[in-house]
Amino acid sequence: MVPLLLLLLATARGMAQGSYRPTLASPTLGAQITTSTFVLEQPRCVFNIQDDVVIWLVVAVPEAVSNFNNSVEPGTPERAFQGFPTSAPAYMTLNTTLLNYPCPKAPGDITVLHVGIEASCARDEKRPTCNGPLPGPGPYRVKFLALKGSEPVAETAWSEPITLRTARQPGSIPARGSGHSAGTIALTSILSILFAILLAGLLAMLVFWGSEAWGGSSTFSKPEAVTVRRYNTHHVYDQPAARL
Ligand SMILES: *[C@@H]1O[C@H](CO)[C@@H](O)[C@H](O)[C@H]1NC(C)=O
C-alpha cells in the first residue's frame, strides 16, 4: 500500500522512482572497499528515459535519507563535498550524461564507478562536485539522481548502508599480528629445544666428571684434611695470645 502511494506521488510529481538500488561492485575486481573509497556498479539499463539528462551520484549520511530534498542543486554549499558530512548532509558527484551508461553493456566495458578517488580537489571549495576521498568509515548511503537542467526527473532507490574499512580493520592487522606471533612461537620453540639439548649435554658431562672425581677421591681428600688441621692449629695458638 505504501509503495503504491509513493509511486502515485512520484508520478504526480513527474518523477520516475526506480526500484533499482545502487550496489557495490563484485569483490572479484579487487579492492572493492578501502578506508576512503568504494566501487559501485554503474547504473546500466536502469533509467528508462530518453531525455537529455545528467545522472548524478548522491552520497549521504544515513540520517539525511528520510527527508532528502532532490531539488537542492548540485554544487550548492548544502551539496558540496568539502562540507560533507558537517555542513552538507550529502554531496553530489560523478555527473555524466546517460550516454555514458549505455544499455545493453558491451562485453569488455568498464561498468563500475570508483567513488572517492579524486584527492586533488578534496579541499578546493571551487569544486564542490569533487569525487574526493570519503571522510571516514561511514556508513554512507548512495543513490543516482537524474536531472534535466536543474529539475529532478528520475532517481533510483537508496543503497544499503556502505561501511568503509577502518585503519584497525579486524581482518587485516590481527591476522598479521597472529602470523607474527606464530613465527615467534616457532622460533622460541626451536631455541628452547636447542637450549634443552645443550643443557642436557652439559648436565651429563658434569655428572660424568663428578662421578669420576668422587670415584678416585683419595687424592682430593688428603690436602683438605691437611688444611683443616693447620687451621685448627693456628686457632689454638691464637687464643692464648688474645687473652694476654
Ligand atoms: C558536471 O558538473 C560540473 C559542475 O556542475 C560541470 O562543470 C561539468 O560540465 C558536468 N559534467 C557533465 C558530464 O555533465
Side-chain angles (χ1 to χ4, degrees), residues 10 13-25 29 32-34 36-62 64-65 67-136 138 140-159 162 164:
R13 285 161 70 203
M15 176 85 176
Q17 205 151 21
S19 59
Y20 174 81
R21 270 179 203 285
T23 50
L24 288 168
L29 287 159
Q32 181 199 21
I33 292 183
T34 70
S36 61
T37 67
F38 57 93
V39 184
L40 288 176
E41 293 287 353
Q42 288 183 1
R44 297 288 188 102
C45 312
V46 166
F47 292 100
N48 191 19
I49 38 179
Q50 307 296 321
D51 292 323
D52 185 17
V53 297
V54 175
I55 312 293
W56 290 84
L57 177 73
V58 183
V59 181
V61 292
V65 162
N67 56 356
F68 189 81
N69 185 354
N70 283 332
S71 299
V72 177
E73 287 181 47
T76 56
E78 221 183 310
R79 294 285 177 267
F81 172 80
Q82 290 78 14
F84 183 76
T86 47
S87 53
Y91 67 95
M92 293 171 74
T93 188
L94 284 166
N95 55 318
T96 187
T97 63
L98 202 48
L99 292 174
N100 285 319
Y101 296 139
C103 179
K105 48 189 163 193
D109 268 8
I110 295 166
T111 60
V112 295
L113 288 173
H114 292 266
V115 183
I117 56 165
E118 232 184 324
S120 59
C121 54
R123 287 163 197 272
D124 189 350
E125 307 264 333
K126 288 186 217 86
R127 296 188 52 195
T129 63
C130 179
N131 179 23
L134 287 128
Y140 305 105
R141 295 187 73 184
V142 302
K143 73 172 177 183
F144 293 101
L145 182 62
L147 299 185
K148 188 179 185 181
S150 61
E151 182 80 11
V153 289
E155 66 177 335
T156 66
W158 288 98
S159 71
I162 297 166
L164 304 189

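Just so you know, ligand 1 is whichever comes first in the structure, and atom 1 is the first atom listed for that ligand.
The protein atom (non-hydrogen) at minimum distance from atom 8 (C) of ligand 1 is Asn95 ND2, 3.7 Å. Residue, atom and distance of the protein heavy atom nearest to atom 5 (O) of ligand 1 are Trp56 CH2, 4.1 Å. Considering only non-hydrogen protein atoms, atom 4 (C) of ligand 1 sits nearest to Thr129 OG1, 4.2 Å.
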Legend entry - Asn70 vs Lys143, side chain to side chain contact (heavy atoms under 4.5 Å, CB included): CA-CA, chis, key distance, verdict: CA-CA 11 Å; Asn70 283 332; Lys143 73 172 177 183; 2.8 Å; yes
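Residues satisfying the side chain to side chain donor-acceptor pair (under 3.5 Å) criterion with Gln42, sequence neighbours excluded, are Arg44.
Rounding to the nearest 0.5 Å places CH2 of Trp56 at 9.5 Å from CD of Glu73. To the nearest 0.5 Å, atom CD of residue Glu118 and atom OG1 of residue Thr93 are 6.5 Å apart.
Shown here, atom 11 (N) of ligand 1 is in close reach of the protein: a heavy atom of it lies under 4.0 Å off.
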